[in-house]
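All remarks here apply to the structure that follows.
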Amino acid sequence: MGNLGGLMMAEPGAEPTLRGYLHVVRRGRWWVAAFSLLGLAISLFLSLTATKQYAATAQLLVQSVGNVSLGTGAGQAYITPADMQTELQLVTSAQVQSQVRAKLGSAPGVSAAEVGETNVIAVTAVSPDPARAAQVANAYARAFVSWSTATTISNLAAAENQLTSQINTIGKEIGKLSSSSTAQLSALSNQQAVLKGQLAQLQVTGATASTGLELVTPATTPGSPSSPKPSQNALLGLVAGIILGIGAAFLRDNLDDTLTSSEAVERVGGAPVLAMVPMVASWRKQVNPVVIAVSEPTSQPAEAYRSLRTSLQFARHDGPVRMILVTSPSPGDGKTATVVNLGAVYAQAGARVVIVSCDLRRPGLSQFFAPGEHAELSAVLAGHQPLDEALSPAPSVDGLWTLGTRGSVRNATELLASQRMRALVDELAKRFDIVLIDSPPVLPVADALILSSYADAVLLVVAAGHTRKAELRHAVEKLAHASAPVVGAVLNKAMARDGYGYYGNYQSYVAPSDTSVGRPPRATHNGAAKQDGLPLPSGPGRHGR
């Protein structure tokens with residue numbers, strides 16, 4: 001891939017996909033689980049500690065009766081929606097409440113609702129005492145019927161009095177007229193007869209007075225509480241918790257600036273991810289880290305490093321990759337572990353490999369391989385120590401050597417940029433098939449940019465959930481300005497959700513003898529070492545080696 005200058009891409013605003021949503025939910029599954037359990041616990045707590053309430057309902061039937069009218073004696077004979085709404089409002093009117101208060105001593109609140117699309121009104125009372133709830137509902141229902149009946153009778157009596165007064169008035173007018181006023185007498189007599197007929201009809205209606213309201217179903221004492229409902233509340237609390245948890249997962253994802261997937265690394269850095277290395281327990285503890293490619297050669301991390309080794313063979317088209325610089329945007333991304341394990345798998349394939357610890361400020365190679373008594377890169381660069389004395393063979397890995405350092409160096413940048421460093425690199429390229437350079441991070445210091453000029457390939461190590469997008473973006477920009485030959489990235493400390501699972505478990509496919517630990521390389525016809533069908537690089541590298 002060579003120069004990365006033209007490959008730097010800003011993270012595009014890609015359209016959201018279902019796969020992306022599911023990835024966010026998987027990442028935030030603990031948030032979803034926590035909020036779900038919290039919602040369930042709160043709903044159950046409130047349900048179990050809340051006071052039990054009992055609901056009792058009385059039902060009233062609204063029948064079609066004629067309204068009193070002085071003009072016709074009867075009005076409409078059907079119930080309209082407006083009439084039903086009027087009746088619902090009157091159930092809790094002040095007059096009805098006054099009667100309930102007179103009977104019960106108080107007027108607790110009730111609710112009135114139409115039952116479906118029928119002419120039935122349900123009067124419901126709620127109380128901690130089931131008997132009290134039934135008493136209140138029946139009191140309102142009976143008070144409403146009583147008040148409505150009394151109102152109807154009062155209206156009939158008023159209408160009768162008015163008709164009687166009109167009949168008497170017409171009778172007086174007839175008594176004043178002489179017998180010669182035949183036409184006028186006839187008209188008044190007819191009018192009086194009509195009014196008497198209306199009066200007779202009202203008297204009949206009054207004798208069978210009915211408001212059209214009937215208590216058809218009195219309220220009974222409820223046997224079980226209407227609230228709380230633990231099962232229903234628990235379900236609602238669980239659903240609410242799931243919704244809040246998913247919302248928290250998406251909020252966390254929007255606020256989280258770390259890289260967690262290979263797609264994100266490629267999108268931000270513009271370089272392909274050559275391997276995804278699963279998390280190793282010893283890395284998390286940071287106590288006595290092990291070379292996983294040696295201690296567990298059939299594990300998923302070991303297979304990931306072998307996949308990385310294979311990818312590096314084809315990383316460049318203009319020549320073999322022999323001098324590899326491994327760096328990262330920031331400290332703690334796992335670059336040293338990557339260098340060590342990559343060197344081990346190269347050596348297992350039969351190559352002569354040397355790991356050069358060029359992190360002269362915070363050397364980490366000694367955590368995996370203790371440096372020899374005379375191993376000191378800075379002493380070699382200063383001309384105080386021969387290279388042969390500084391090189392140390394790595395234990396348990398044939399063909400792997402290290403050139404380490406014991407402590408930090410103040411003038412690290414000057415030493416790495418010196419002619420002695422270039423000469424040392426050339427000498428190592430003559431002696432070994434693969435030279436791996438453990439470099440300081442890119443962002444804190446300029447050492448990685450200097451070392452990149454010696455390398456055939458630069459490998460960026462990104463830690464899942466640790467490296468931030470801005471850090472990777474700035475690191476790639478700095479490497480591009482230095483014309484560093486970045487060939488790809490390694491997503492380190494990846495979790496199962498990040499996609500490394502396709503490596504599977506090779507324990508049943510790889511025989512113990514195929515791990516290549518300590519096996520000598522086989523010579524080929526061109527003199528290059530070869531093992532398990534993997535050709536090893538030979539010939540000149542980036543700088544004519």
Side-chain angles (χ1 to χ4, degrees), residues 16-60 85 88-89 91-92 97 100 104 106-118 120-141 217-258 260-261 279 464-465 495-498 501:
T17 62
L18 178 60
R19 182 180 179 184
Y21 289 143
L22 293 177
H23 179 74
V24 173
V25 174
R26 283 198 304 270
R27 287 189 58 211
R29 62 187 182 278
W30 295 115
W31 287 91
V32 177
F35 274 93
S36 300
L37 292 177
L38 181 62
L40 181 62
I42 292 177
S43 61
L44 287 176
F45 175 79
L46 294 178
S47 298
L48 296 177
T49 57
T51 301
K52 294 181 179 181
Q53 299 290 333
Y54 296 84
T57 301
Q59 292 185 337
L60 296 170
Q85 293 300 319
L88 292 175
Q89 295 298 321
V91 170
T92 56
Q97 287 184 351
V100 172
L104 301 180
S106 63
V110 295
S111 61
E114 184 178 359
V115 180
E117 296 181 357
T118 66
V120 177
I121 295 176
V123 181
T124 303
V126 178
S127 172
D129 184 357
R132 176 69 173 176
Q135 184 183 27
V136 172
N138 287 327
Y140 267 92
T217 308
T220 58
T221 302
S224 59
S226 59
S227 67
K229 299 178 179 179
S231 299
Q232 179 179 343
N233 293 341
L235 180 60
L236 293 176
L238 180 62
V239 173
I242 291 175
I243 294 174
L244 290 176
I246 293 176
F250 277 91
L251 178 61
R252 175 184 177 274
D253 183 74
N254 289 332
L255 297 178
D256 187 9
D257 191 37
T258 59
T260 57
S261 65
M279 171 65 75
M495 305 301 291
R497 60 176 179 266
D498 299 319

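Only heavy atoms go into these numbers, but all of them, side chains included; no hydrogens, no water, no symmetry mates.
- Counting only distance, with no hydrogens or angles, the side chain of N138 and the backbone of A219 share a donor-acceptor pair below 3.5 Å.
- Take F250 and apply the side chain to side chain contact (heavy atoms under 4.5 Å, CB included) test, not counting sequence neighbours, and it matches Y21, V24, V25, I246.
- Between A107 and Q97 the shortest heavy-atom distance is CB-O, 3.9 Å.
- P128 pairs by the side chain to side chain contact (heavy atoms under 4.5 Å, CB included) definition with T51, Q53, not counting sequence neighbours.
- Taken to the nearest 0.5 Å, the OG atom of S231 stands 8.5 Å off from the CG atom of L44.
- A search for side chain to side chain donor-acceptor pair (under 3.5 Å) contacts involving T124 returns T57, not counting sequence neighbours.
- Nearest heavy-atom pair, V123 versus Y140, reported as atom, atom and distance to 0.1 Å: CG1-CB, 4.0 Å.
- Side-chain contact between L46 and N233 is absent, with no heavy atoms from C-beta onward closer than 4.5 Å.
- Atoms CG and CZ, on L38 and F45 in that order, are 12.5 Å from each other to the nearest 0.5 Å.
- Contact between T221 and A131 at its shortest, heavy atoms only, is CG2-N, 3.8 Å.
- Atoms CD1 and CG, on I243 and L238 in that order, are 10.0 Å from each other to the nearest 0.5 Å.
- The side chain to side chain contact (heavy atoms under 4.5 Å, CB included) test applied to Q85 returns L88, E114, not counting sequence neighbours.
- Each ring pair (Phe, Tyr, Trp, His ring centres under 6.0 Å) pair with one or both residues in residues 222-247, not counting sequence neighbours, would appear here, but there are none.
- One distance of note links OH of Y54 with OG of S224; it measures 8.0 Å at 0.5 Å rounding.
- P130 approaches P222 most closely through the heavy-atom pair O-CD, 3.4 Å.
- In this structure, NZ on K229 lies 12.5 Å from CG on L235, to the nearest 0.5 angstrom.
- By the side chain to side chain contact (heavy atoms under 4.5 Å, CB included) test, S106 pairs with P108, R132, sequence neighbours left out.
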